[in-house]
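To start, the structure itself, in structure tokens.
Every chain is numbered from 1 and lettered A, B, ... according to where its sequence line falls, protein lines coming before strand lines. Atom set for the values below is all heavy atoms of this structure, side chains included, hydrogens, waters and symmetry mates excluded.
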There are 2 protein chains.
Amino acid sequence: MKVSKDEIILAARELFREKGYAGASMQDLADRVGLRKASLYMRFPNKEALVPEVLEMTLNTTFSQPGISSPDWKTAYEAVIRSIAAALTDRHRCVGFHLAYGIGDDTPLAKQAVRDFFRSHLDRMTDILARAMPRETATIIAADDLARLEGATLHLALFDDPTSMKRAVDLALGPVRSH
Amino acid sequence: MKVSKDEIILAARELFREKGYAGASMQDLADRVGLRKASLYMRFPNKEALVPEVLEMTLNTTFSQPGISSPDWKTAYEAVIRSIAAALTDRHRCVGFHLAYGIGDDTPLAKQAVRDFFRSHLDRMTDILARAMPRETATIIAADDLARLEGATLHLALFDDPTSMKRAVDLALGPVRSH
DNA sequence: CCTACCGATCGGTAGG
DNA sequence: CCTACCGATCGGTAGG
């Protein structure tokens, strides 16, 4: 077993991020990891099954950054925002968002995985904020902060412009700091 | 000539919005407008050529809404924001954003069209705001307001939740009103 | 993990 | 605006 499952998932993530679900081909994925296409089907039953794996890995990485498990909610929230923003700034696109837009009803398992991915983000962000404010308020702030970070990828993807993402981070953390 | 060019462009827009560039097929487009696939090539040289047309039509519609040409900048800006938000809320996705994410270097004309599309949005928004504030400030506010509107489509596309978009509108218009 | 292959569909064209 | 077709590529499988 020369190529690990994680290597394939990492390559699949790159591919989905760049080309979306429909634009990503199993042949391209095989080429990137140095396998024959048929060999991919030893580890994954089909293309759709890559989606949950890609998103789980991404979620785990995002929420494994230092500081996120801090008991201090301000520290934890800042770490989450910075972790998400760093990944998006680095890659210019969000895999999850690309899949959210690109996946249809013909791939229901993938669709559910995308929903779970963002639900998890929103829930974890809300949980942190809810330590310091009513849960209803926390839900709204989490949703809007995440939307703003995602929206800022427009300027990254199209114009290579990271300033909107930086302001999105500042705007998310400003109220937290002065709380 | 039973099927007009505009009908095809409208159908292509729906298709690109739903499935992205790679996921949209000329056969599907032909089926939607009731033509044979080959007949599409009478009006468009290839698939890529649909993209500029789709985006030009969308831009024109967005900026033809009443109020946008008002000499009062507050009226004009509110009309722009509401026009964009209404389209996104209605369709749950932004064609331009889907294409921004999905189009690669193999379709350079389409890529440029997407850039022009958003550049036009940003320029027109900035021009309106610059009537009342320094141009540098206007540029930043326009970029962030647009990013927020686009980001809010995440909640629309995934969870059918329009509240984030409503707040994006309120947040864009709040400072304008109290100016 | 490979070679070899399947039917289906892709964007696009020939020719009328 | 159509029928008929092109080569290329798609996701996936058989069989070893």
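- How far CG of A:L146 is from CD1 of A:I81: 8.0 Å, rounded to the nearest 0.5 Å.
- Whole-Å rounding puts the B:D28 CG to C:dC10 P distance at 8 Å.
- Atom pair A:Q27:CD and C:dA4:C1' shows a separation of 13 Å (rounding to whole Å applied).
- Between the CE atom of A:M26 and the P atom of D:dA8 there is a distance of 23 Å, rounded to whole Å.
- Along DNA chain D, the nucleotide nearest A:P45 and the nucleotide nearest A:S25 are compared for position; the residue whose nucleotide lies closer to the 5' end is A:S25.
- Between B:R135 and B:D127 a salt bridge is recorded (basic side-chain N to carboxylate O distance below 4.0 Å).
- Looking only at side-chain heavy atoms (C-beta outward), B:E14 and B:I9 stay at 4.5 Å or farther from each other.
- B:F118 and A:H155 have their aromatic ring centers separated by at least 6.0 angstrom.
- For D:dG12, the base has a donor-acceptor partner in the side chain of A:K37 [N/O atoms by modelled type, under 3.5 angstrom].
- Summarising the geometry, the separation between CG on B:D31 and P on C:dG11 is reported as 12 Å, rounded to the nearest angstrom.
- Side-chain atoms of A:Y77 and A:D145, non-hydrogen and from C-beta on, do get closer than 4.5 Å to each other.
- Nucleic acid contact class of A:A22 (heavy atoms, under 4.0 Å, all strands): none.
- B:A30 comes within 4.0 angstrom of nothing in the nucleic acid, heavy atoms only.
- The distance between atom OH of B:Y41 and atom P of D:dC5, rounded to the nearest whole Å, is 19 Å.
- Atom P of nucleotide C:dT9 and atom CG of A:D106 are separated by 13 Å, given to the nearest angstrom.
- When rounded to the nearest whole Å, the span between CG of A:L15 and C1' of D:dC10 equals 14 Å.
- Minimum atom distance to the side chain of B:K47 is reached by C:dG12, of the listed C:dG12, C:dA4, D:dG12.
- In this structure, B:V3 and B:R43 approach most closely via the heavy-atom pair O-NH2, 2.5 Å.
- When the nucleotides D:dG12, D:dC2, C:dG12 are ranked by their closest atom to the side chain of A:N46, D:dG12 comes out on top.
- Here D:dG12 presents its P atom at 9 Å from CG of A:L50, a figure rounded to the nearest Å.
- For A:R36, whose side chain is taken as the heavy atoms from C-beta onward, the closest listed nucleotide among C:dT13, C:dT3, D:dC2 is C:dT3.
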Convert the base pairs of DNA chain D into dot-bracket notation, remembering that pairs crossing earlier ones are written with [ ] and that bases paired across to another strand are shown as |; include only Watson-Crick or G-U pairs under 3.5 Å.
-> ||||||||||||||||
Intermediate values then yes/no, side chain to side chain donor-acceptor pair (under 3.5 Å), A:E56 and A:N60 = CA-CA 6 Å; A:E56 272 160 39; A:N60 287 336; over 6 Å; no
